[in-house]
Engineer: 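I have a structure I would like to understand better, so I am pasting it below and will then ask my questions one at a time.
Here is how names work: the chains are called A, B, and so on, in the same order as the sequence lines, proteins then strands, and each is numbered from 1.
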Number of protein chains: 2
Amino acid sequence: MLINELSKKTGISTHTIRFYEKSGLIEGKQDVSVKSNNYFHYDEVTIEKLEFISDAKSVGFTIKEIGQIIDAWYNKKYTKKQKNEILDEKLISLEQKMKEIKEMKKQLLQFKEDVLKDRC
Amino acid sequence: MLINELSKKTGISTHTIRFYEKSGLIEGKQDVSVKSNNYFHYDEVTIEKLEFISDAKSVGFTIKEIGQIIDAWYNKKYTKKQKNEILDEKLISLEQKMKEIKEMKKQLLQFKEDVLKDRC
DNA sequence: AACAACATTAGAGCATACTCTATAGTTGAT
DNA sequence: ATCAACTATAGAGTATGCTCTAATGTTGTT
């Protein structure tokens, strides 16, 4: 599929898709047999990747980090060991985020308590 | 205390502290009895606020959101009801973040499974 | 008085992650 | 053939959140 279809299927703008491609997160293929244009073609895996990118951005991963994870999954150049290391590292950072969120929740509940008891 | 001491006590640079002050997150007081300078003085509550800002940034709250929370806590201009609404809203967004992190965790564990079983 | 170490303001610069504009060429339906 | 709707590339512009520089003034110790 071409970029417009990809955009419609994922809800991500063509501009942003191109930005992600430039950033190395996704990759389209040009059909060398067609000489009249240099249109990029995208497959179903690219849809998967873009959906993953959206989710990963939501939890606060940077483009760079998302690139590492995608490489750990889709890239052939890493060994199993390297892939596992990258994924474990990201899992640890998720645990850390979770901990921080729980602490912030406590803090906000304390603030609510303070408001209730006129301590502020 | 002056800005340098505040910086040392919180580990936040004077530049960033001034940025937060401009952004309305914290507020120093100028001593009107001293006419030779216009130095800003900060109290213990400012330290509390800066520590809160660091924590709140970690969980992904924006400067604007942090400002709302600080106002819900320290500002006299809101009613109890308004303060509770702001805090509840932020608590809901924390729950949402937690959900997203749990889902991302599952996803990364699935990736690990795929790596293990040579599915990528 | 000299001088380091502080203070202020205004504004420039930077990194991240888009978002948009301009320019130019291609495709496909009528 | 025409024309809307697509495609590509390069580069400019935007928002957020700092981070730094420059210019200038103040304080406190020697």
Side-chain angles (χ1 to χ4, degrees), chain A residues 1-43 46 49-70 90 93 97 100, chain B residues 1-43 46 49-70 90 93 97 100:
Chain A
M1 83 194 86
L2 298 180
I3 197 162
N4 202 33
E5 194 182 340
L6 183 61
S7 171
K8 272 165 190 157
K9 277 187 177 160
T10 59
I12 298 171
S13 77
T14 59
H15 285 303
T16 302
I17 290 171
R18 290 209 172 96
F19 169 73
Y20 289 154
E21 184 147 22
K22 261 188 207 164
S23 306
L25 300 187
I26 58 160
E27 215 178 331
K29 278 170 205 153
Q30 285 176 322
D31 189 340
V32 284
S33 68
V34 177
K35 286 150 204 160
S36 59
N37 71 39
N38 49 352
Y39 291 4
F40 284 89
H41 296 262
Y42 302 93
D43 55 16
T46 308
K49 284 184 184 177
L50 287 174
E51 278 162 359
F52 176 76
I53 293 166
S54 294
D55 294 346
K57 267 171 32 62
S58 287
V59 304
F61 282 133
T62 64
I63 295 289
K64 199 176 163 184
E65 287 176 310
I66 295 169
Q68 290 176 330
I69 300 170
I70 287 178
K90 301 310 172 198
S93 95
K97 280 177 210 279
E100 286 165 351
Chain B
M1 82 195 84
L2 297 180
I3 196 160
N4 202 34
E5 195 182 340
L6 183 60
S7 172
K8 271 165 191 161
K9 278 188 177 160
T10 59
I12 298 171
S13 77
T14 58
H15 286 302
T16 301
I17 291 170
R18 289 209 171 94
F19 169 74
Y20 290 154
E21 183 147 24
K22 262 189 207 163
S23 306
L25 300 187
I26 59 159
E27 217 178 330
K29 278 170 204 152
Q30 285 176 323
D31 189 341
V32 285
S33 68
V34 177
K35 286 150 203 160
S36 59
N37 71 40
N38 49 352
Y39 292 4
F40 284 89
H41 296 260
Y42 303 92
D43 55 16
T46 308
K49 285 184 184 177
L50 287 174
E51 278 162 359
F52 176 76
I53 292 167
S54 294
D55 293 346
K57 267 170 31 62
S58 288
V59 304
F61 283 132
T62 63
I63 296 287
K64 200 177 164 184
E65 287 176 309
I66 296 170
Q68 289 176 333
I69 298 170
I70 287 178
K90 301 309 174 199
S93 95
K97 280 176 210 279
E100 287 165 351

Engineer: Please list, chain by chain and in numerical order, all residues satisfying side-chain contact (heavy atoms from CB on, under 4.5 Å) with A:Ser93, sequence neighbours excluded.
Structural biologist: A:Phe61, A:Lys97
Engineer: Can you name the residues that form a side chain to side chain donor-acceptor pair (under 3.5 Å) with A:Asn4, not counting sequence neighbours?
Structural biologist: none
Engineer: Quick test: give all pairs of protein nitrogen or oxygen and nucleotides 28-30 of chain C nitrogen or oxygen below 3.5 Å, distance rounded to 0.1 Å.
Structural biologist:
none

Engineer: Does any pair with a residue in residues 2-12 of chain B pass salt bridge (charged side-chain N to carboxylate O under 4.0 Å, His left out), and if so which ones, sequence neighbours excluded?
Structural biologist: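 Residue pairs with at least one partner in residues 2-12 of chain B: B:Glu5-B:Lys9.
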Engineer: Find the distance A:Leu2:CG to D:dA5:P and express it as a whole number of Å.
Structural biologist: 17 Å
Engineer: Just wondering, do A:Ile3 and A:Phe40 contact through their side chains at under 4.5 Å, heavy atoms?
Structural biologist: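 Result no, sub-4.5 Å side-chain heavy-atom pair not found.
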Engineer: Of all the nucleotides listed (C:dG11, C:dA7, D:dT7), which has the minimum atom distance to the side chain of B:Lys22?
Structural biologist: C:dG11
Engineer: Kindly give the atom pairs (protein nitrogen or oxygen, nucleotide nitrogen or oxygen) under 3.5 Å for nucleotides 19-23 of chain C.
Structural biologist:
| residue | atom | partner | partner atom | Å |
| --- | --- | --- | --- | --- |
| C:dC20 | N4 | A:His15 | ND1 | 3.4 |

Engineer: In whole angstrom, what separates B:Ile17's CD1 from C:dA7's C1'?
Structural biologist: 13 Å
Engineer: Near DNA chain C, which residues from residues 31-39 of chain B have a heavy atom under 4.0 Å away?
Structural biologist: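 Of all residues in residues 31-39 of chain B, the ones placing a heavy atom under 4.0 Å from DNA chain C are B:Asn38, B:Tyr39.
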Engineer: Rounded to whole angstrom units, what separation is found between the CD1 atom of A:Ile26 and the P atom of C:dC18?
Structural biologist: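 To the nearest whole Å, that distance equals 12 Å.
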Engineer: Quick one, which residues of residues 50-63 of chain B touch DNA chain D with a heavy atom under 4.0 Å?
Structural biologist: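 B:Lys57, B:Thr62, B:Ile63 - these, ordered by number, are the residues of the stretch whose heavy atoms sit under 4.0 Å from the strand.
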Engineer: Identify, with sequence neighbours excluded, every residue that meets side-chain contact (heavy atoms from CB on, under 4.5 Å) alongside A:Thr62.
Structural biologist: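 Applying side-chain contact (heavy atoms from CB on, under 4.5 Å) to A:Thr62 gives A:Lys64, A:Glu65.
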Engineer: In chain order, what residues pass the ring pair (Phe, Tyr, Trp, His ring centres under 6.0 Å) check against A:Phe52, with sequence neighbours excluded?
Structural biologist: B:Phe111
Engineer: Looking at residues at least two apart in the chain, or sitting in another chain, which of them share a side-chain contact (heavy atoms from CB on, under 4.5 Å) with B:Ser7?
Structural biologist: B:Thr14, B:Ile17
Engineer: Which residues pass the side-chain contact (heavy atoms from CB on, under 4.5 Å) test with A:Lys57, not counting sequence neighbours?
Structural biologist: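 Checked A:Lys57 against side-chain contact (heavy atoms from CB on, under 4.5 Å); matches are A:Tyr20, A:Ile53, A:Ile66.
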Engineer: Which atom pairs, one a donor and one an acceptor, fall under 3.5 Å between side chains of residues 24-34 of chain B and the rest of the protein, sequence neighbours left out?
Structural biologist:
| residue | atom | partner | partner atom | Å |
| --- | --- | --- | --- | --- |
| B:Gln30 | NE2 | B:Asn38 | O | 2.7 |
| B:Asp31 | OD1 | B:Ser33 | N | 3.0 |
| B:Asp31 | OD1 | B:Ser33 | OG | 2.6 |

